[in-house]
Amino acid sequence: MTMAVPNINDVYACLQCGYCRTVCPVYRETGWESLTPRGKVYWLKQLSSKGLLDRILRRKIEITDEWMQKMFTCTLCCRCESLCQVDIEFHEFWEEARKWLVENDYGPPQAAKDMYKNIENKEFKNPFMEPLSKRDEWYRDDYKLPSQAEVVFFPGCMTSFYEYQVLLSMMKVLTKTGVDFTTLGTDEMCCGAINAMTGQFDNFKQIAKHNVDQIEKRKASTVVTGCPGCLRALKKYKKYVGKLNFEVVHTTELIARLINEGKLEFSKEFKKKNLPLVYHDPCELGRISELEGRGIFDEPRTILNSVPGVDSILEYNNNRMDSVCCGGGGGLKAVDYDLTTKITARKVDEAIELGAKTIISSCPNCKAQISVGVEAKKEELKAKGEKFKMKVMDIADVVAKSL
Ligand code: SF4
Ligand code: SF4
């Protein structure tokens, strides 16, 4: 294998270790050792350990559907990496492993292939088969955006098609603070994060080229996105298209900058009935970004602490680098939807135990996933004759409501 594998001594150490399994959300819900990081390393090791006898007997290592299912049963949260006893760099390794499988025709799962077909289809340009015209329908009549601007706001597919409240919140923040911005409108193509996650890098290159061309046409020096998946994907573009002539930042970085520069003034208090709030660190914004260079942990907390009426923020027992995935990462939904909802249920239960009335995140995927968990909890308690209320908000919603 030519992938960026850990060296063989690390692999042997891993096979005798197992230390990180208790932090793996997949293991926590399934109890299957084969789905832990060590289990997956074992399966990959089997691939590379074809011995002399195997060669003499012309045995092939068989990659079955079950094998593939195991490799893709992972949220790519990389909590295993932050605890790994031999420092295996899982944020690269899992991606490289999936890439290798795809290059050798062992994947990706059908659902991921279908998603790419939808992205390259000019009528959609998104993985969900939503009509292209829907991408800007929430704002095209209310905002007359310029053809060129300093900042391009790149909402991403989840925000554009489903979590459009987050999109409208961010448009309000940008407008009220006088930022010279535009969007790619219907020229925006899915960022390709799903391709990178499922090892489809040939396709990722095409997407990168398309979006970079569109951003450069707008002459922007900054691209801002509220989606940590888009953030990481856009930052990866430089590896595929060469130098980027713009910086890529997350909305929390931009909002924190605007607060520091005195350009963002709050005028309304956060509703008391929705307090206290708890902040969930999205894996891709926090831990994985930290493993790749700089994690965004402080900006969201700085922003929330600046909002009038918010006098304290509850913290999950495992937060920042140790944050537990909401269940919505890694394309796991396409492989095992029920498992993702079990992972989310824990996140909701812990918020209840902490006494929170609102769960805040800075990722539209986390918002959507946690909302599913909250609805499931409502149904569960309704069946017992109990009422349950929990708000789920993106940080951009909080800021926009307080302006
Ligand atoms: S901590 Fe690292 S070495 Fe140990 S089982 Fe987990 S991945 Fe393998
Ligand atoms: S990335 Fe997350 S889900 Fe995947 S093996 Fe590591 S801890 Fe488990």
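Note that this is a predicted model, so its numbers are computed, not measured. Remember, it's 1-based here, ligands and their atoms both numbered in the order they're listed.
- Each of the atoms 3 (S), 5 (S), 7 (S), 8 (Fe) of ligand 1 lies under 4.0 Å from some heavy atom of Cys14.
- By the criterion of a heavy-atom distance under 4.0 Å, the side chain of Trp94, and not its backbone, is placed next to ligand 2.
- The aromatic rings of Phe201 and Phe204 lie perpendicular to each other, with more than 60° between the two planes, well past the 30° mark.
- Not a single heavy atom of Val41 sits less than 4.0 Å from an atom of ligand 1.
- Checked for salt-bridge contact, Glu29 and Arg346 meet the test: a charged N lies under 4.0 Å from a carboxylate O.
- In this model, a donor atom of one side chain and an acceptor atom of the other lie less than 3.5 Å apart for Thr198 and Gln200.
- In terms of protein heavy-atom proximity, atom 6 (Fe) of ligand 2 is nearest to Cys80 SG, 2.4 Å.
- Under a 4.0 angstrom heavy-atom cut-off, Lys40 registers as being in contact with ligand 2.
- Taking atom 2 (Fe) of ligand 2 as the reference point, the nearest protein heavy-atom neighbour is Cys77 SG, 2.3 Å.
- Nearest non-hydrogen protein atom to atom 4 (Fe) of ligand 1 is Cys17 SG, 2.4 Å.
- If you number the atoms of ligand 1 from 1 as listed, the ones under 4.0 Å from a heavy atom of Val86 come out as 3 (S).
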Trace of the salt bridge (charged side-chain N to carboxylate O under 4.0 Å, His left out) decision for Lys391 with Asp397: CA-CA 12 Å; Lys391 265 188 100 61; Asp397 302 333; over 6 Å; no
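- We find the CZ-SG distance between Phe93 and Cys84 to be 10.5 Å, quoted to the nearest 0.5 Å.
- With His250 contributing its side chain and Ser362 its backbone, the two residues share a donor-acceptor pair below 3.5 Å.
- Taking 2.8 Å as the criterion, Cys84 counts as a coordinating residue of atom 2 (Fe) of ligand 1, since one of its N, O or S atoms falls below it.
- At a heavy-atom distance under 4.0 Å, only backbone atoms of Cys78 (N, CA, C or O) approach ligand 2.
- Of the possible donor and acceptor atoms, one in the side chain of Arg287 sits under 3.5 Å from a partner among the backbone N and O of Ser323.
- Checking Cys20 against atom 6 (Fe) of ligand 1, an N/O/S atom falls under the 2.8 Å cut-off.
- Proximity to Phe90 (heavy-atom distance under 4.0 Å) selects the following atoms of ligand 1: 7 (S).
- Under the 3.5 Å distance criterion, the side-chain polar atoms of Lys125 are matched with a main-chain donor or acceptor of Thr186.
- Aromatic ring orientation, Trp138 versus Tyr164: parallel (interplanar angle below 30°, classes split at 30° and 60°).
- The proximity of Leu76 to ligand 2, defined as any non-hydrogen pair under 4.0 Å, is limited to the backbone.
- Here is the list of ligand 1 atoms found below 4.0 Å of a heavy atom in Gln85: 1 (S), 2 (Fe).
- Remark: distances from the non-hydrogen atoms of Gly18 to ligand 1 include one below 4.0 Å.
- Residue Phe153 forms a side chain to side chain contact (heavy atoms under 4.5 Å, CB included) with just one option from Val179, Thr183, Val223, Leu184, and that option is Thr183.
- Against a heavy-atom cut-off of under 4.0 Å, Cys24 is close to the following atoms of ligand 2: 3 (S), 5 (S), 7 (S), 8 (Fe).
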